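Keep in mind it's a predicted model, so treat the numbers as computed, not measured. Proteins come first, then strands; the chains are lettered A, B, ... in the order of their sequence lines, and each starts at number 1.
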Number of protein chains: 2
Amino acid sequence: MSGDSIPNPPLSAPKGAPRMRSGDRRELVLEAATEVFGAFGYVGSTTGQVAAAAGVSQPYVMRMFGTKEKLFLEVLGRALGALLAAFRTEVARDSEVHLGRRLGGAYVSMLSQRGVLLSLMHGFVLGSDPVIGAYARAGLLEVYALLRDEAGFSPAQSQQFLATGMLVNTMIGTRMIDEFDTNPAARELLEAAFPDTLNLYTVLGGSEHTT
Amino acid sequence: MSGDSIPNPPLSAPKGAPRMRSGDRRELVLEAATEVFGAFGYVGSTTGQVAAAAGVSQPYVMRMFGTKEKLFLEVLGRALGALLAAFRTEVARDSEVHLGRRLGGAYVSMLSQRGVLLSLMHGFVLGSDPVIGAYARAGLLEVYALLRDEAGFSPAQSQQFLATGMLVNTMIGTRMIDEFDTNPAARELLEAAFPDTLNLYTVLGGSEHTT
DNA sequence: GTCTATACCAAGATAGAC
DNA sequence: GTCTATCTTGGTATAGAC
């Protein structure tokens, strides 16, 4: 990988900018970490990359989070929290549209902050790590429980919903979107997985999209 | 089911054993690599681990495959090949059982050699790496093409089949099976995803099964 | 609160003996 | 064909200045 990381400009504040409250700094780093971990995975990312993306020094990231593992766990926790919150909002909302469809939409919407679902996905694959693996597993089950108990899905429906989510993650992870225009099979598979084509542009556009 | 899943002890031949043909050695290392990469992912694995699992020296692994990346690509290629072959066998077979069900069974059967599907899964998540990511993406599309063109699935059916496969991979990756007995939700989700409970024992039993 | 400098280790890769 | 020894790089984490 010759390239340095991640998308566009570092999130850093300009050098002379007024000091921000440390809570905000923390947020900033967590957001950067979400992107980086989402792109390269837990082991594949370096704390230096995260620091660079956040516009702070690498030792400072360490200072704030202690270890890379703790940082990743926080990223996972936030990602999971965001996902659950989005689902709960949809469950609570009064609408004529079928709930399954709305939850699907909520899921796909989260792809606009790319790192979130991808970080989760990377967590799911880390079963070999006792700490991270256990955490991710619990998270997956939490989502399942929500679908079944709060959304009222049957086990089979919940399973199918999760399954589609995993395929979506995988397709994002493999950058299959890059083949959307050139490879008919890729396009077909993408269109079959995504609830409606409109949402695809959210994904396609990355940070650039305007709805 | 050729069946020798990799057992726990190193695969090394006893020190004084007769020399094996180099092709066999290569096979041995590739099998070991499949297990290791499946367990820890591409970045998370070391060539030293692979070497240890195969009972050879780390530099020798390098000598044989050149780079860690090339080794992983060979692992991916073999895994993909095995999967496609298993599916094609099922497509060709004459049976009353619905093809979708048989393909599902074939997929689950592959879990007995754990590393195979997990290695693939790890490849799918590596979209950030231009070489590996591209390779994995092509592989995923190849599977899709098989389902659609050779198995005669509709795009929607193919998508759903793949999706379930991804969820299965994820559940294996997170070691969710470990919670099968203790966590009812885990059990429910596992049972919803796996075509029939019998096959669960294939997974649960790891290398012990005889079928 | 945030940086620079650096210690320390692990991992991929190479050299070269047998 | 396979090993031991080793070079090199890069990444986490710490020390400590400002």
Among residues 118-125 of chain B, which residues get a heavy atom nearer than 4.0 Å to DNA chain C? none
Measure the [atom1]-[atom2] distance between [X] and [Y] for me, rounded to the nearest 0.5 Å.
X: S109(B); Y: R102(B); atom1: OG; atom2: CZ; answer: 13.0 Å
X: L189(B); Y: R148(A); atom1: CG; atom2: CZ; answer: 10.0 Å
X: L167(A); Y: L162(A); atom1: CG; atom2: CG; answer: 12.5 Å

Answer yes or no: is there a side-chain heavy-atom contact under 4.5 Å between L30(A) and L71(A)? yes
Not counting sequence neighbours, which residues clear side chain to side chain donor-acceptor pair (under 3.5 Å) with E142(B)? List them please. none
Closest approach of S158(A) and F153(A), non-hydrogen atoms and distance? OG-CB, 3.2 Å
Roughly how many Å is it from [atom1] in [X] to [atom2] in [N], rounded to a whole number?
X: F40(A); N: dG10(D); atom1: CZ; atom2: P; answer: 15 Å
X: M64(B); N: dG1(D); atom1: CE; atom2: C1'; answer: 9 Å
X: F72(A); N: dT12(D); atom1: CZ; atom2: P; answer: 13 Å
X: Q49(A); N: dG10(D); atom1: CD; atom2: P; answer: 13 Å

Yes or no on side-chain contact (heavy atoms from CB on, under 4.5 Å) for M121(B) and M121(A), after CA distance, side-chain angles and deciding distance? CA-CA 11 Å; M121(B) 190 64 172; M121(A) 190 65 173; 3.2 Å; yes
Let me have a per-nucleotide readout for nucleotides 13-18 of chain C, 5' to 3', with B, S or -, counting only protein heavy atoms under 4.0 Å. BB-B--
What's S57(B) touching, base or sugar-phosphate or nothing? Going by heavy atoms closer than 4.0 Å. base
Pairing donors with acceptors under 3.5 angstrom, does anything connect the side chains of Y107(B) and N169(B)? yes
